[in-house]
Amino acid sequence: QVRLVESGGGLVQPGGSLRLSCVASGTIATIYRIGWFQQAPGKQRELVAAFTSGGNTHYADSVQGRFTISRDNTKNTVYLQMDSLKPEDTAVYYCYADISSDDHSHPTAYWGQGTQVTVSS
């Protein structure tokens with residue numbers, strides 16, 4: 001069994017910064033895609049930033065230049081540094097990963113429980 005646990009959300013003023021963390025634990029052989037989605041009230045869940053299975057990064061246009069995704073493979077952890085935050089960044093942020101538990105299995109999609117980010121003065 002694999003778990004993704006996010007942390008780092010909270011309330012921040014416009015223009016401020018937050019760093020989210022997501023730790024993957026359990027039986028992990030390979031992490032393929034891993035990244036972050038956001039879901040604002042009344043809206044669909046949308047991709048914010050991710051590492052592709054090839055190791056490249058992808059960002060939503062709305063966060064390009066303000067958010068930075070990084071990872072520590074030794075800790076099975078992915079981070080999302082969010083700078084210059086705007087009220088429209090307010091959402092629940094979910095960690096997502098495609099993970100295989102052994103070298104012979106196809107990857108399975110996992111989601112974290114989500115962490116609330118609120119940008120408000």
Side-chain angles (χ1 to χ4, degrees):
Q1 186 69 15
V2 173
R3 289 185 65 205
L4 302 179
V5 179
E6 303 104 331
S7 61
L11 173 64
V12 63
Q13 292 186 343
S17 298
L18 283 175
R19 189 174 85 149
L20 307 182
S21 300
C22 172
V23 180
S25 63
T27 304
I28 298 171
T30 305
I31 298 177
Y32 295 88
R33 289 191 306 166
I34 187 166
W36 296 91
F37 284 69
Q38 67 177 190
Q39 187 165 20
K43 295 187 177 182
Q44 289 186 330
R45 196 170 296 187
E46 298 178 336
L47 177 67
V48 175
F51 285 97
T52 67
S53 57
N56 297 316
T57 55
H58 173 79
Y59 293 93
D61 290 343
S62 61
V63 306
Q64 185 76 41
R66 299 188 299 120
F67 291 11
T68 303
I69 190 170
S70 61
R71 66 194 294 180
D72 184 339
N73 292 330
T74 65
K75 298 179 180 179
N76 287 334
T77 300
V78 65
Y79 305 96
L80 185 67
Q81 177 67 40
M82 304 186 294
D83 298 317
S84 302
L85 282 160
K86 304 175 181 180
E88 51 264 43
D89 296 319
T90 295
V92 178
Y93 284 73
Y94 295 91
C95 181
Y96 168 91
D98 291 325
I99 296 173
S100 64
S101 295
D102 62 64
D103 292 337
H104 306 290
S105 299
H106 291 292
T108 300
Y110 294 93
W111 290 91
Q113 81 286 354
T115 185
Q116 177 70 46
V117 171
T118 303
V119 185
S120 175
S121 55

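The structure presented is a predicted model; accordingly, all values stated were derived computationally and were not measured. The figures that follow rest on heavy atoms only: side chains count, while hydrogens, waters and symmetry mates do not.
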side-chain contact (heavy atoms from CB on, under 4.5 Å) partners for Asn73, two or more places apart: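 Here the qualifying residues are Arg71.
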
Nearest heavy-atom pair of [X] and [Y]: which atoms, and what distance?
X	Y	value
Tyr94	Gly112	CD2-O, 3.6 Å
Ser101	Ala29	C-CB, 3.6 Å
Ser120	Pro14	C-CD, 3.6 Å

Decide yes or no for Arg45 and Trp111: does some side-chain heavy atom of the first lie under 4.5 Å from some side-chain heavy atom of the second? yes

From [X] atom [atom1] to [Y] atom [atom2], the distance as rounded to the nearest 0.5 Å:
X	Y	atom1	atom2	result
Thr52	Tyr32	OG1	OH	13.0 Å
Gln39	Gln116	CD	CD	11.0 Å
Asp98	His106	CG	NE2	12.5 Å

State which residues pass salt bridge (charged side-chain N to carboxylate O under 4.0 Å, His left out) with Asp72; sequence neighbours excluded, sorted by chain then number. none

Val48: hydrophobic cluster co-members (side-chain, 4.5 Å):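 When side chains under 4.5 Å apart are linked, the cluster holding Val48 also contains Val2, Leu4, Val12, Leu18, Leu20, Ile28, Ile31, Ile34, Trp36, Phe51, Tyr59, Val63, Phe67, Ile69, Val78, Leu80, Met82, Leu85, Tyr93, Ile99, Tyr110, Val117, Val119.
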
Within a radius of less than 6.0 Å around CD of Gln44, do more than 12 heavy atoms belonging to other residues, nucleotides or ligands occur? no

Do side-chain atoms of Glu6 reach the backbone of Gly114 as a donor and acceptor pair under 3.5 angstrom? yes

